[in-house]
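Note sheet for the following structure.
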Amino acid sequence: MKVRHIVLGLLSISVIAPIFLYTDRVGSFVNPSSSRRDFLDDVSAFTVSGDTRHLNVLHQETSTALKEPIGVVYSDHSTVTREHKSTRVLSATDEERQQQQLYNPIRQVIDRAAPGLTTTLDSHPNASDISAIELEQQPTQPSGKIVQEHSDNKHDRLTEPADAQVRHLKDQLIRAKVYLSLPAIKNNPHVTRELRLRVKEVTRALGDATKDSDLPKNAVDKLKAMDQSLEKGKQIQDDCAAVVKKLRAMLHSSEEQLRVHKKQTMFLTQLTAKTLPKGLHCLPLRLTTEYYTLNSSQQNFPNQQKLEDPRLYHYALFSDNILAAAVVVNSTISHAKHPSDHVFHIVTDRLNYAAMRMWFLSNPPGKATIQVQNIEEFTWLNSSYSPVLKQLGSPSMIDYYFRAHRASSDSNLKFRNPKYLSILNHLRFYLPEIFPKLNKVLFLDDDIVVQKDLTGLWSLDLKGNVNGAVETCGESFHRFDRYLNFSNPLISKNFDPHACGWAYGMNIFDLAEWRRQNITEVYHRWQRLNRDRQLWKLGTLPPGLITFWKRTYSLDKSWHVLGLGYNPNVNQREIDRAAVIHYNGNLKPWLEIGIPKFKIYWAKYVDYETVYLRECNINP
């Protein structure tokens with residue numbers, strides 16, 4: 001008898017109960033007060049080993065209210081499920097609900113018998129131990145079948161990438177080329193001809209399209225036709241190892257082509273950066289011709305008495321680019337509170353000296369003072385005094401820059417730019433000699449644009465440092481080990497590889513402190529040690545980092561924002577709040593390869609209606 005009771009009890013719970021209760025709502029029974037009560041009495045008491053025990057599942061509740069199920073839609077690619085959550089209105093406390101979840105034997109038994117079912121225990125006014133039971137299955141649709149009512153294919157299309165079909169067509173071409181190279185396909189002339197035809201059709205349809213809207217109307221038909229042909233090829237070939245081998249070979253070939261193209265792109269970008277546009281070549285010729293038509297009195301600038309006045313704001317600008325120098329001066333004066341207190345000292349080479357003077361004579365910068373000097377007038381700057389001048393004129397250096405067979409000696413082409421041969425690039429290390437009577441000078445590169453008044457830099461306390469500059473290091477970017485050769489003991493013993501670098505382009509120099517610390521001699525000593533280029537490559541930043549090591553005061557980053565000549569993702573907010581923006585890099589704003597969205601900041605300080613620019617066909 002005991003065994004019989006046990007079997008009947010378990011049978012009623014594990015088999016009869018799930019079948020009897022498989023319904024949308026418990027409340028749909030014909031006579032909930034009688035039949036439902038009888039059933040609950042059967043399952044709430046059963047005998048185990050002669051002991052009749054009562055299941056204390058829930059305390060009696062007085063509310064029988066049931067709300068409509070809440071539909072919650074889950075979508076995961078091709079499978080969409082809909083779950084109905086029945087909401088109960090209970091008078092039980094949160095503590096009671098937690099106890100119900102911790103211990104519920106009926107839920108455990110039914111879950112073991114039918115794991116796809118969910119039980120919900122509600123109250124019933126006539127139940128003393130179990131108040132309500134509601135079971136509801138959560139149906140899941142097979143992959144690809146969509147049962148939700150408010151999400152359809154239109155939504156999927158909206159979230160589809162704009163180049164989904166383009167990518168699909170390109171993938172088809174790759175698969176077709178792989179199939180055509182397999183022996184099983186080659187031995188089937190019909191499939192081979194069909195695949196080659198499909199490749200031509202898809203290639204023609206794809207063209208230069210980069211997004212689906214660029215594709216012709218028949219692209220979808222071509223795509224479907226290619227799919228059918230590829231399916232035939234798939235059925236014929238059964239050698240997966242051959243397919244994998246071919247794909248690996250194609251991947252290796254693509255990587256090699258990418259490497260070659262990257263190298264060519266770098267070379268062409270460097271070449272473009274070195275090449276002077278036709279208009280900028282025409283401009284100095286036109287200006288030089290005009291300059292020598294002036295008489296001697298017309299060739300002089302006004303206010304020359306201000307050139308050595310230390311109370312004024314003095315700028316040092318070394319450039320052979322007339323238009324770039326004009327933008328620097330114009331943008332600075334446009335934001336100056338008192339333009340008459342600003343003095344610009346421009347130093348250029350012999351070829352551009354007359355043209356530079358003629359430009360500023362015909363386009364004076366308001367009340368500001370201009371001085372244009374020829375670097376060859378600095379007779380003190382010679383190879384016996386300057387080690388770098390001696391090195392730049394050496395046959396080995398010229399061979400390094402101009403011999404094609406040496407081009408592979410340096411993987412980084414930026415170090416091979418002949419601009420480093422120009423002494424103009426190294427004049428920044430001789431500021432006290434150029435301006436013997438000045439105490440402070442603001443050095444500006446010719447590829448910058450000034451957006452705010454800069455006079456506040458002169459009042460900064462540099463704390464005994466010589467150079468005021470904006471630091472450029474990130475987590476590991478622009479630190480000393482990126483510029484100096486720390487495998488050399490001279491470098492490793494004297495400098496910290498993790499020290500933060502800083503930027504040239506806008507630097508406030510304390511010339512009085514420079515003279516006191518004899519900084520020029522520090523520069524000369526390190527240049528002599530680097531005559532074989534073993535400490536650093538070339539350029540002015542590495543020797544600058546060394547020369548001004550522990551002599552640089554860090555300025556707020558808003559003074560100087562860099563990257564507009566190579567990084568199209570420079571933060572717009574940083575650009576807007578910057579006092580100076582710097583087009584460092586190869587993508588200069590006066591070149592066609594310049595970043596278009598950054599060119600506008602530079603172009604607004606160029607008057608393209610000037611007669612010389614029109615004659616040389618220089619346009620925005």
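Looking at S386 and Y430, their side chains do bring a donor and an acceptor atom within 3.5 Å of each other. In the model, N321 has no side-chain atom that pairs as donor or acceptor with a side-chain atom of S319 under 3.5 Å. In this structure, a donor-acceptor pair under 3.5 Å is absent between the side chains of N488 and N485.
Between the side chain of N352 and the main chain of T348, no donor-acceptor pair closer than 3.5 Å is present. Without hydrogens or angle criteria, S253 side chain to A249 main chain gives no donor-acceptor distance under 3.5 Å. For R350 (side chain) and E376 (main-chain N/O), no donor-acceptor pair under 3.5 Å exists by modelled atom type. A distance-only check finds a donor-acceptor pair linking the side chain of K597 to the backbone of P568 [under 3.5 Å]. At distances below 3.5 Å, at least one donor-acceptor pair connects side-chain atoms of D212 with backbone N or O atoms of V166. Side chain of N530 to backbone of Q534: a donor-acceptor contact under 3.5 angstrom is found. D341 contributes no side-chain N or O that, together with a main-chain N or O of L312, makes up a donor-acceptor pair within less than 3.5 Å.
Note: N494 CG to K550 NZ = 9.5 Å, rounded to the nearest 0.5 Å. One distance of note links OG1 of T455 with NE2 of H335; it measures 13.0 Å at 0.5 Å rounding. Here CG of N619 is found 9.0 Å from CG of L613. Values are rounded to the nearest 0.5 Å. Residue K390 holds its NZ atom at 9.0 Å from OG of S384, rounded to the nearest 0.5 Å. Atom CD1 of I370 and atom CD1 of I333 lie 7.5 Å apart (nearest 0.5 Å). Residue I508 holds its CD1 atom at 5.0 Å from CG of L442, rounded to the nearest 0.5 Å.
Applying the disulfide bond (SG atoms under 2.5 Å apart) test to every pair with at least one member in residues 256-351, sequence neighbours left out, gives these pairs: C282-C616. Within the structure, disulfide bond (SG atoms under 2.5 Å apart) pairs that include any residue of residues 300-362 do not occur (at least two apart or interchain). The disulfide bond (SG atoms under 2.5 Å apart) contacts involving residues 517-573 comprise nothing, where partners must be two or more places apart or lie in separate chains. Counting only residues at least two apart or in different chains, salt bridge (charged side-chain N to carboxylate O under 4.0 Å, His left out) contacts with residues 507-520 comprise E513-R516. Within the structure, salt bridge (charged side-chain N to carboxylate O under 4.0 Å, His left out) contacts touching residues 424-436 (residues at least two apart or in different chains) are R428-D445. Among pairs with a residue in residues 551-567, none fulfils salt bridge (charged side-chain N to carboxylate O under 4.0 Å, His left out), at least two apart in sequence or across chains. Sequence neighbours left out, the pairs with a member in residues 283-297 that pass salt bridge (charged side-chain N to carboxylate O under 4.0 Å, His left out) are R286-E290, R286-E615.
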* Residues Q572, D576; criterion side-chain hydrogen bond (donor to acceptor under 3.5 Å, both in side chains); working and verdict -> CA-CA 6 Å; Q572 185 62 46; D576 295 339; 2.9 Å; yes
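Y553 places none of its side-chain heavy atoms less than 4.5 Å from the side chain of N467. Side-chain contact between M356 and I346 is present, with heavy atoms from C-beta onward closer than 4.5 Å. Between R614 and T610 there is no side-chain heavy-atom pair separated by less than 4.5 Å. Counting only heavy atoms from C-beta outward, the side chains of L361 and L294 approach each other to under 4.5 Å. Here the side chains of Q304 and L307 are in contact, with some heavy-atom distance below 4.5 Å. Between T332 and F344 the shortest side-chain heavy-atom distance falls below 4.5 Å.
Residue-environment remark: CZ (R167) stays at or below the threshold of 12 foreign heavy atoms within 6.0 Å. Atom OH of Y608 has more than 12 neighbouring heavy atoms from other residues, nucleotides or ligands inside a 6.0 Å radius.
The distance between the ring centers of H524 and Y385 falls below 6.0 angstrom. Under the 6.0 Å cut-off for aromatic ring centres, F509 and F435 do not qualify, their centroids lying 6.0 Å or more apart.
Of all non-hydrogen atoms in G505 and I448, the two that sit nearest each other are O-CG2, 4.0 Å.
The existence of a salt bridge linking D214 and K211 is confirmed by a sub-4.0 Å separation between a basic side-chain nitrogen and an acidic carboxylate oxygen. Electrostatic pairing of D447 and K588 counts as a salt bridge here, judged by a charged N lying under 4.0 Å from a carboxylate O. One finds no salt bridge joining D481 and R479 here, because no Lys/Arg side-chain nitrogen approaches an Asp/Glu carboxylate oxygen to under 4.0 Å.
The aromatic rings of F443 and F318 are tilted relative to each other, their planes meeting at an angle between 30° and 60°. Using cut-offs of 30° and 60° on the angle between ring planes, the pair Y353 and Y291 is perpendicular. A tilted orientation is assigned to the rings of W602 and W590, their planes being inclined by 30° to 60°.
Residues passing the ring pair (Phe, Tyr, Trp, His ring centres under 6.0 Å) test with H314, sequence neighbours excluded: H345. Contacts of W359 classified as ring pair (Phe, Tyr, Trp, His ring centres under 6.0 Å), with partners at least two apart in sequence or in another chain: none. Considering only residues two or more places apart in sequence or on other chains, W526 meets the ring pair (Phe, Tyr, Trp, His ring centres under 6.0 Å) condition with F495. Applying the side-chain contact (heavy atoms from CB on, under 4.5 Å) rule to N295 yields the partners S297, Q298; only residues at least two apart in sequence or on another chain are considered. By the ring pair (Phe, Tyr, Trp, His ring centres under 6.0 Å) test, F378 pairs with W380, sequence neighbours left out.
Checking F429, W514, F548 one by one against Y523, the ring-ring contact (aromatic ring centres under 6.0 Å, His included) holds for a single residue, F429. Checked options W549, W502, F486; the residue passing with F480 is W549 (criterion: ring-ring contact (aromatic ring centres under 6.0 Å, His included)).
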